[in-house]
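A quick write-up on the structure given underneath.
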Amino acid sequence: MDRLLPLIQNETLKIWKKKRFYVVVLVLLVLIPIFTYAQMKIAENNQKNFRDWRSQTMQQISDYQNALSSERIPEEWKRFRRIAVQQLQYYLDHDVNPRSPDGVTFTRGFMANSVTLFYPLLVLAIASDLVSGERSSGTIKMLLTRPVRRWKILFSKLVALTLYVSLIVVASGILCYLISGAIFGYGGWTMPIFTGFLINGSDVDSAAVHAVPQWLYMLMQAGLIWFSSMTVAILALMVSVLVRSTAASIVTMMAAVIAGTILANMSSSWTSAKYVFAVNIDLTGYLAGSPPPIEGMTLLFSLLTLGGWAVAALIVSFGVFTKQDILN
Amino acid sequence: MRNIPSSNLWRTVSIAAVLSTLLMLTGFGYAVKDMLWPQGETFIGESPTTPPPENKSLSASSEIRITAFGDSLTKGTGDATGEGYVKQVMALLTEKWDKPVSLTNNLAVNGMHAGRLSELLRGDKGYEYAISQSNLILFTIGGNDLFQLATGKSASEATGEVDLDKLKEQLPSGLQRFKAVIERIHEINPNAQVVYMGLYNPFYDIDELREGSLAIQQWNQEAYAIMHPYSNMTLVPTFDLFENTIGTYLSSDHFHPNHDGYAQIAARIVQSLD
Amino acid sequence: MNISSASKKDPELGLPEYVQQTAETVLYVQGLKKKIRGKPIIHDVSFDVRAGEIFGFLGPNGSGKTTTIRMLVDLIKPTAGEIKICGHDVNRDPEQALRHIGCIVENPEVYTYMTGWENLEHFARMLRDIGIDRINEVVNIVRLEQRIHDKVKTYSLGMRQRLGIAQALLGRPKLLILDEPTNGLDPKGIKELREFIRMLANEGMSLFISSHLLSEIQLMCDRVAIISNGRVLAVGTVDELVEQAGSYVVWQFDKPEEGRKLLAGEPDLRLIAPDEHRIDEGLLANLTEASITTMPAERIPALVEKAVRAGIGVLSVQRIAPTLEELFLKMTEGEGIG
């Protein structure tokens, strides 16, 4: 380990010096205020139309129910709505506001909505050129002719990547809380959030439902986001090893992630799609109790699928990186 | 690392990153534990604290809060502008009394029938809360009980296939459920003004179905009898609007009123209120 | 005369030394072969580099120089053959073997978004026991003190080259591998580099320098290996190879036509037509109407006497050594024919 630590330091500093993390923070600094503003407008509108959160929740339930009674709505959507209705009802029945307008709640929602596309994108900003960047700049020749085994170099890159993925998730949470808190207030840490909804077809089994304080919910959610972001990061590292150009590496990964998101929204009938990694990215959905993209998917299934992809990607990355000839 | 002093940058970044990673791992571990071995426990938040509205007549109250529920008529189906009668009642009330009129909720759901409604009134905290928070309650119910049960289809699809005998058969059980609804509303909020919109026969212009109007009238009459004991409840009749002027006031689905039809209903409701 | 075939028989050219690894052999390469996508790129490369010598690695572009160098530093795995650095096999034990090497493969590519100092720190961390003192030392050696804390993207090519060398020197290597080090440098830079390389060699370091510019090798190197189409054609000291190539004798007479006739009659002398010789045109610029010949040097006095007796005045007789270009072309021609 004493030989690995300097290597990890090298890789961590290089990512920092390349200003990749600045870019991530900058993107967050631009996007969060936009979403905060949008949320503020929605909140203002709700305040105008509804006396309190109960009315608002009631209205949402009856809107969903009306949508359910329409015959033009696809069955898959109805399933989502039915489940949402049951969950909202649960909140209502237990006198808990599912969407209190405060900084913590906003941050929780922002992070949950970002898990399928936004976090992968931020992770790719750092992961995509880890190896391909060294290749295109030619510095890989310097790096690999030092008396250090290749697996150690790739491993140190992987560790540095892990550190930055953690930093991205934490930084996004902190920035989001600080910015949105300025508008919605900095409270909401102890607000109870229900978790443990079990989905059976279009029914919700609330036997295991329990309330957790919102800070704990956020922590769990961040942990799940971290796990799926790590899977994306490891896959991006593999692509970066396999593909020579950084642009090609980003495009490949983005295409995979976006394709997965689209599949997740339309693939109810093609059930084998559940083995695609990008369909499993939204782990936070299990926490919130939203129905999985494909029936029968569970948290354990998604964790194993993502884990399987990650392990395979690591095997390929290390296998190729330690053996490949550096020809250019 | 050895002999090369670590920079402050590396120290800061690495410590922050390692702490973040540990935090994420903790969160992940906790989430997995919590999700894979969940322990259900009931949690009840704080009950509503908003005070119910003043116990006065509408004209004397400082504000009017409306809760509407029931079937597609309250939802406003058939009105191309989407207003239905509820929104139009609000506009007319504002004009009439010049005081704040707000809609607590319009909980109407297409296809609602009396049985389901009485279940919701009993089991759904949201209904209870909305009703208790209002001083004016508008609702419609019964149309689906009579037509849906008589045809086995949803009311709006039933055009021309109504079996009048079945319609009559449904009356007693439908009215019983209606009674349960009225009693429950009274239980939740005995002070609010409650306006029920009576049924009409959308098939008045079809000769063989015109007879259905008699059954409808029977419903209206019985409903009136059920509501009669409660002085705060009113039944507003609508059947006469949809006899000779059926072409003017019914929408193209030949079942729901159109915008003008709802406007007439709204006007009657407002006339009945004080 | 075919040097390549001759060299394989001649023990003086050093070929048999591959077999026995002397204690002071820093780099030992034997029977190196490489196929890339099934196509043989390197057929058979063997040579060795001894302690303290400057070893030239000569070949035209595309001859396999860079591929060979990449195999030396573990960027490419050989299909067959053996590479040992200070006795450690590069493929089996890269951590031990590469410890003794500093190298710049092709261009000195360092991290342009970091300062020179940060680059050196970066590479120092990849070595054992290299600290601030050593970094300062190499910065001084390559004379980058003034700009070492500037971002590398502001450096000129020459400065990057120096930073690359500083990086290569960090680990106190026994062997420094430089791939086309003079590429892109101005004449002043080239001269400085040459002096610098000589200085390093004087301090006991071995240098392995590849080039397609034969004059460079001739000026810098003690020994040279010549590679073409993935094969080493010859290995030897620069002088030995020049000797093997033979030399031209250029005659200038006051009566050029008669002189030429006289020379043509000599048995062990060959006249070279003006468009066939491969002497640097610059050297011939002052020798108008000269006759270029190849002949044994010891016959010159007798021939001068003969010319004078025949009434032909000899203005000058010069021996002109062929350039390595000449040598190289001779060998590759041989290769082509054989």
Side-chain angles (χ1 to χ4, degrees), chain A residues 1-23 125-126 129-157 159-160 241 244 246 318-328, chain C residues 34-37 41 66-67 69-79 85 88 90-91 93-115 118-128 130 151-153 160 163-164 167-168 170-171 173 177 179:
Chain A
M1 191 61 197
D2 71 312
R3 294 291 297 140
L4 281 172
L5 197 59
L7 298 179
I8 295 167
Q9 184 181 358
N10 273 348
E11 297 305 328
T12 309
L13 287 176
K14 274 192 276 183
I15 295 173
W16 187 272
K17 293 268 157 66
K18 255 190 289 183
K19 305 216 169 19
R20 285 292 188 272
F21 194 65
Y22 293 4
V23 172
I126 285 180
D129 71 340
L130 270 189
V131 177
S132 58
E134 300 256 15
R135 244 177 226 284
S136 47
S137 72
T139 45
I140 193 154
K141 289 180 289 185
M142 295 288 190
L143 201 63
L144 297 186
T145 54
R146 305 293 82 210
V148 176
R149 286 204 176 256
R150 288 191 185 184
W151 72 262
K152 288 185 184 168
I153 288 175
L154 192 62
F155 180 77
S156 60
K157 283 186 181 291
V159 173
V241 168
R244 268 168 221 289
T246 303
F318 278 89
V320 171
F321 189 76
T322 51
K323 293 205 176 62
Q324 82 187 148
D325 289 341
I326 309 298
L327 294 170
N328 64 323
Chain C
K34 177 66 184 176
K35 281 186 187 173
I36 294 176
R37 288 182 205 101
I41 302 292
T66 299
T67 308
I69 289 180
R70 282 170 188 245
M71 286 194 278
L72 299 184
V73 294
D74 198 34
L75 287 175
I76 298 181
K77 304 264 183 285
T79 312
I85 297 167
H88 301 285
V90 168
N91 295 302
D93 192 6
E95 288 200 347
Q96 283 300 322
L98 293 174
R99 179 165 303 165
H100 304 289
I101 293 194
C103 67
I104 301 178
V105 180
E106 288 175 321
N107 304 316
E109 277 130 348
V110 286
Y111 299 101
T112 50
Y113 49 84
M114 299 202 286
T115 67
E118 284 165 349
N119 268 288
L120 291 178
E121 275 191 343
H122 174 275
F123 290 110
R125 281 189 209 104
M126 301 182 79
L127 303 164
R128 273 177 212 272
I130 299 298
K151 284 254 158 65
V152 172
K153 54 176 132 210
R160 285 185 199 198
L163 182 62
Q167 170 278 132
L170 268 178
I177 296 179
D179 190 6

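Bear in mind that the values here come from a model prediction, so they are computed numbers and not experimental data. Lettering follows sequence order; numbering is per chain, from 1.
The salt bridge (Lys or Arg N to Asp or Glu O under 4.0 Å) check on Asp93(C) picks up nothing, with sequence neighbours excluded.
Neither the backbone nor the side chain of Gln96(C) comes within less than 4.5 Å of any heavy atom in chain A. Heavy atoms of Leu143(A) lying under 4.5 Å from chain C belong to its backbone as well as its side chain. Both the backbone and the side chain of Leu327(A) come within less than 4.5 Å of a heavy atom of chain C.
In terms of heavy-atom pairs under 4.5 Å with chain A, the best-connected choice from Leu75(C), Leu127(C), Ile76(C) is Leu75(C). Note on Ser137(A), Gly138(A), Ser156(A): by heavy-atom pairs under 4.5 Å with chain C, the leading option is Gly138(A). Per-residue counts of heavy-atom pairs under 4.5 Å with chain C were compared for Lys323(A), Arg150(A), Lys19(A); the largest is that of Arg150(A).
Using a 3.5 Å distance cut-off with no hydrogens or angles, the side chains of Lys14(A) and Tyr111(C) do pair a donor with an acceptor. For the 3.5 Å distance criterion, the side chains of Thr139(A) and Glu134(A) qualify, holding a donor opposite an acceptor.
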Using atom types as modelled, flag every donor-acceptor pair under 3.5 Å from a side chain in residues 98-107 of chain C to any protein atom, sequence neighbours excluded.
unit_1	atom_1	unit_2	atom_2	d
Glu106(C)	OE1	Lys141(A)	NZ	3.1
Glu106(C)	OE1	Arg70(C)	NH2	2.8

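You'll find the side chain of Asn91(C) reaches within 4.5 Å of the side chain of Asp74(C), heavy atoms only.
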